[in-house]
Visitor: 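What follows is a structure written as structure tokens; I'll ask about it next.
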Protein chains: 2
Amino acid sequence: MAAARIYLDAGGSAPLSARTRDALSAGFADGWADPGRLHAESRRARALLEGAADAIAEAIGVRMEDVHFTASPHEAFNRVIAGIFSARRGRERIVVSAIERDALVHAAAHASSDRLSTVPVSAAGHIGLDDLAEAMRVPDVALLAVQHANQEIGTVQDLAAVSALAQRAAVPLIVDATASIGHVDPPAHWDALVAHPGDWGGPAGLGVVALRPQLRWLPAWPEGDPWAPGNVSVPLALAAAVALQERLENLHTVSRHMSDLVRRLREQLALVAGIDVVGDPDMRLPHVLTFSCLYADGEALVAELDRRGFAVGSGSACATGTLEPSRVLAAIGALTHGNVRIALPPAATHAEVERFLAAVVDVVGDLRTRSGAPRLG
Amino acid sequence: MAAARIYLDAGGSAPLSARTRDALSAGFADGWADPGRLHAESRRARALLEGAADAIAEAIGVRMEDVHFTASPHEAFNRVIAGIFSARRGRERIVVSAIERDALVHAAAHASSDRLSTVPVSAAGHIGLDDLAEAMRVPDVALLAVQHANQEIGTVQDLAAVSALAQRAAVPLIVDATASIGHVDPPAHWDALVAHPGDWGGPAGLGVVALRPQLRWLPAWPEGDPWAPGNVSVPLALAAAVALQERLENLHTVSRHMSDLVRRLREQLALVAGIDVVGDPDMRLPHVLTFSCLYADGEALVAELDRRGFAVGSGSACATGTLEPSRVLAAIGALTHGNVRIALPPAATHAEVERFLAAVVDVVGDLRTRSGAPRLG
């Protein structure tokens with residue numbers, strides 16, 4: 001690929017750092033064995049896996065034995081939700097915010113046989129606390145699921161307030177931290193937490209669940225290991241831990257840098273006629289940004305930016321490839337078409353952002369001219 | 001690890017070859033992106049994933065679109081069995097042989113709410129065809145699951161005969177080929193097939209399903225991708241394909257070499273008093289061997305061999321770590337305790353086998369003396 005290529009779609013997957021790739025090599029050299037057997041090779045694989053769990057546990061603020069690897073964040077949602085739901089027998093309803101990930105909503109709908117209560121969010125993407133309190137008032141709530149931060153619009157929830165409402169109702173709170181861990185300090189208020197190594201610079205093919213020791217959870221699937229039947233890949237787990245370590249070492253420096261770049265993007269994009277920049281301007285992930293363009297098709301925008309060397313996302317991040325209108329943007333009342341989603345990698349530069357801004361203005365203008373859209377601004 | 005270490009537990013996981021590790025490096029360099037997005041990085045990951053599926057499909061003898069990756073063989077069993085079972089609505093029973101893997105039996109029990117018919121096997125480990133015909137005669141059979149070869153005793157089933165009975169009853173046949181693909185020619189008689197890259201020298205963390213185009217299968221889980229919600233790791237899939245390619249290039253040479261080594265092991269071990277060598281001596285996997293030792297504890301045997309530099313397996317291969325008595329050995333009427341399971345890696349040598357034989361005689365003698373067992377032979 002040409003050196004000039006600029007990758008701005010680092011939500012959920014990003015090029016691996018040199019340290020992470022070294023960890024993978026070490027993992028495949030020393031951690032190829034099945035960690036569940038008795039001999040030295042297996043014990044070494046098991047030690048690497050436990051070391052990875054321990055490092056991630058420390059980063060999240062829990063004990064090693066409360067961290068579990070799954071094959072993906074999707075599997076993490078399925079297993080944590082089904083398991084808590086089982087343990088809450090007699091309570092049948094799951095409360096979610098209107099901007100949870102598709103994978104979480106599917107898992108919740110499956111576990112509860114579609115008995116979901118969906119709590120609306122504000123224009124900035126914050127869950128309505130009065131509406132949430134109302135939804136929690138019914139007696140049959142099995143669990144509440146609210147994300148830490150949104151992967152499209154970047155808004156960070158007030159989990160202290162959310163958690164207070166959950167505690168008052170004695171309902172366990174599952175927090176989807178798949179877009180936030182490695183980018184901001186981990187959330188403090190949750191009973192179960194889901195994280196995604198691919199989002200913090202680790203390899204794809206892994207999910208992470210953390211449970212508070214006092215949380216009741218029952219295995220809902222038949223196999224031996226209730227989290228990852230047949231084991232997860234030890235090298236992937238090791239690399240995930242190393243990637244998180246690397247992110248945390250520079251968390252606040254990178255976060256300030258990302259915030260600067262995103263602020264610049266938000267300010268400049270907001271000046272373009274017909275471009276709508278969404279999400280809370282302050283309580284937000286430092287590196288994520290979505291904007292919508294009037295009279296421009298999202299798929300065409302992504303394709304044309306791609307042709308010019310910029311990789312960006314569009315549509316709902318979880319309905320990848322399908323380009324269905326984003327549920328998140330619909331929920332906050334924004335334009336659901338013509339949207340572009342940015343997730344900056346830590347290495348993103350000011351120069352890249354300026355080049356991107358120039359390209360967006362150009363491409364949006366071109367697409368509007370081609371489609372005969374009215375002149376704006 | 002000391003250079004003298006000899007790894008003889010290559011069933012399900014083995015050190016990766018240089019070519020496989022190169023493929024992993026290339027995969028992590030070029031295939032880190034989410035294969036479901038629109039930009040060039042994703043298209044490249046998608047192309048690598050499709051290339052991997054294509055290579056595995058060709059090896060199995062099907063089309064690329066009929067091959068699916070899962071997060072593990074366990075997930076493959078769960079999803080293929082649940083999906084076929086759903087499509088056979090009204091038929092409630094699953095027929096399995098007595099020596100199927102735990103993961104398959106769990107998946108079948110879960111899908112059918114424990115309506116399993118278990119068909120006994122002979123002392124050599126072959127499914128009883130008369131008993132199978134009898135089990136297939138009831139009208140409510142949803143599916144039949146029979147392994148291609150057994151991962152503990154090595155016996156290869158007569159799938160042509162099994163398949164004829166399934167076809168006569170118009171019941172789909174699922175073949176567990178997780179112990180055979182990469183070691184012998186792939187089976188020809190099946191409607192759905194499950195394979196395990198970790199067993200043919202690929203990395204852990206992946207399963208493979210192949211379906212005949214005419215087979216009816218319904219997704220039984222809620223998420224977008226019914227096989228691997230949240231995607232499998234593209235580098236792992238690429239490495240799996242490369243490892244299989246490498247195995248197939250040398251299949252018959254390696255197979256003859258393995259057969260020679262296993263024949264030598266079987267002959268020499270059978271001469272030791274109180275050692276019972278199990279499995280069909282001819283219709284078998286070339287590289288797999290299990291033997292049982294009277295008056296010797298399996299865990300102690302594995303631990304002592306490990307201490308002397310030999311990694312071997314024991315107990316049920318699928319109940320790793322638990323050392324429960326092997327269901328497989330019980331089903332063929334062999335000693336279920338004091339057993340050692342060998343799966344030779346392709347690089348195993350005659351010299352290693354001779355060293356191992358000497359060590360076994362020594363260790364078994366020691367353990368028997370220590371435990372005050374009667375003198376044998």
Side-chain angles (χ1 to χ4, degrees), chain A residues 1 5 7 9 12-16 21 24-25 28-29 32-34 36-42 71-75 78 102-103 106-107 109-110 198 203-207 221-224 228-236 299 302-303 305-306 311-314 318-323, chain B residues 1 5 7 9 12-16 21 24-25 28-29 32-34 36-42 71-75 78 102-103 106-107 109-110 198 203-207 221-224 228-236 299 302-303 305-306 311-314 318-323:
Chain A
M1 183 185 309
R5 184 114 187 133
Y7 191 74
D9 190 25
S13 62
L16 305 176
R21 287 170 69 176
L24 282 165
S25 295
F28 284 112
W32 49 265
D34 178 344
R37 302 190 191 177
L38 294 174
H39 44 63
E41 288 80 358
S42 278
S72 66
H74 290 62
E75 283 293 321
N78 278 338
D102 285 349
H106 287 154
H110 188 70
L206 213 56
W221 268 268
E223 317 83 357
N231 297 328
V232 294
S233 160
V234 172
L236 296 189
E299 189 163 356
V302 172
L305 285 166
D306 183 53
V312 299
S314 183
C318 280
T320 50
T322 64
L323 277 192
Chain B
M1 182 186 312
R5 184 112 186 133
Y7 190 74
D9 190 26
S13 62
L16 305 175
R21 287 171 68 177
L24 282 166
S25 296
F28 284 112
W32 48 265
D34 177 345
R37 301 189 191 177
L38 295 173
H39 44 64
E41 288 80 358
S42 277
S72 67
H74 291 60
E75 282 293 323
N78 278 338
D102 284 350
H106 285 154
H110 189 69
L206 213 56
W221 268 269
E223 319 84 356
N231 296 328
V232 294
S233 160
V234 173
L236 296 190
E299 189 163 357
V302 172
L305 286 167
D306 183 53
V312 299
S314 184
C318 280
T320 50
T322 64
L323 275 192

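Values in this document were obtained by computation on a predicted structure and should not be read as measured data. Per chain, numbering begins at 1; letters A, B, ... match sequence-line order.
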Visitor: Heavy-atom distance under 4.5 Å to chain A: side chain of B/Ala228, backbone, both or neither?
Guide: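 B/Ala228 has no heavy atom closer than 4.5 Å to chain A.
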
Visitor: With rounding to the nearest 0.5 Å, note down the distance linking CZ in A/Arg5 to CG in A/Asp306.
Guide: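 The CG atom of A/Asp306 is 4.5 Å from CZ of A/Arg5, to the nearest 0.5 Å.
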
Visitor: Can you tell me which portion of A/Ala109 sits under 4.5 Å from chain B's heavy atoms? Options are side chain, backbone, both or neither.
Guide: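 It is neither, since no heavy atom gets under 4.5 Å.
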
Visitor: Using the ring of each side chain (for Trp, its six-membered ring), is B/Tyr7 parallel, tilted or perpendicular to A/Trp32, with breaks at 30° and 60°?
Guide: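 Correct class here is perpendicular.
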
Visitor: Is there a donor-acceptor pair under 3.5 Å between the side chain of B/Arg37 and the backbone N or O of A/Ala311?
Guide: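 A pair under 3.5 Å: no.
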
Visitor: Ignoring hydrogens, what is the shortest heavy-atom contact between A/Arg21 and B/Ser25? Give both atom names and the distance.
Guide: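 That closest heavy-atom pairing would be NH2-O, 4.2 Å.
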
Visitor: Using non-hydrogen atoms and a 4.5 Å limit, figure out which bit of A/Val312 sits close to chain B: side chain, backbone, both or neither.
Guide: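 Contact with chain B involves the backbone of A/Val312 alone.
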
Visitor: Is A/Pro15 close to chain B through its backbone or its side chain, or both, or neither, when contacts mean heavy atoms under 4.5 Å?
Guide: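 Both backbone and side chain.
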
Visitor: Please flag which part of A/Leu236 lies under 4.5 Å from any non-hydrogen atom of chain B: side chain, backbone, both or neither.
Guide: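 Side chain only.
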
Visitor: Which residue out of B/Gly205, B/Gly198, B/Ser13 racks up the most heavy-atom pairs below 4.5 Å with chain A?
Guide: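 Looking at each of B/Gly205, B/Gly198, B/Ser13 in turn, B/Ser13 comes out on top.
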
Visitor: With chain A as the partner, which of B/Ser72, B/Ser42, B/Gly230 has the greatest number of non-hydrogen pairs under 4.5 Å?
Guide: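 The answer is B/Gly230.
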
Visitor: Would you mind telling me which of B/Leu206, B/Asp9, B/Leu24 has the largest number of heavy-atom pairs within less than 4.5 Å of chain A?
Guide: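 Going by pairs under 4.5 Å, I would pick B/Asp9.
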
Visitor: With chain A, which of B/Ala204, B/Ala14, B/Pro235 has the greatest number of heavy-atom pairs at distances under 4.5 Å?
Guide: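 Among the listed options, the one with the most contacts to chain A is B/Ala14.
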
Visitor: With rounding to the nearest 0.5 angstrom, report the CG to NE2 distance, A/Asn78 to A/His106.
Guide: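 Atom-to-atom, A/Asn78:CG and A/His106:NE2 are 10.5 Å apart.
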
Visitor: Looking only at heavy atoms, which two atoms of A/Val302 and A/Ser314 are closest? And how far apart?
Guide: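 Answer, listing the atom of A/Val302 first, then A/Ser314: CG2-CB, 3.1 Å.
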
Visitor: With a 4.5 Å cut-off on side-chain heavy atoms, are A/Pro229 and B/Glu75 touching?
Guide: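 SC-SC contact between B/Glu75 and A/Pro229 confirmed.
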
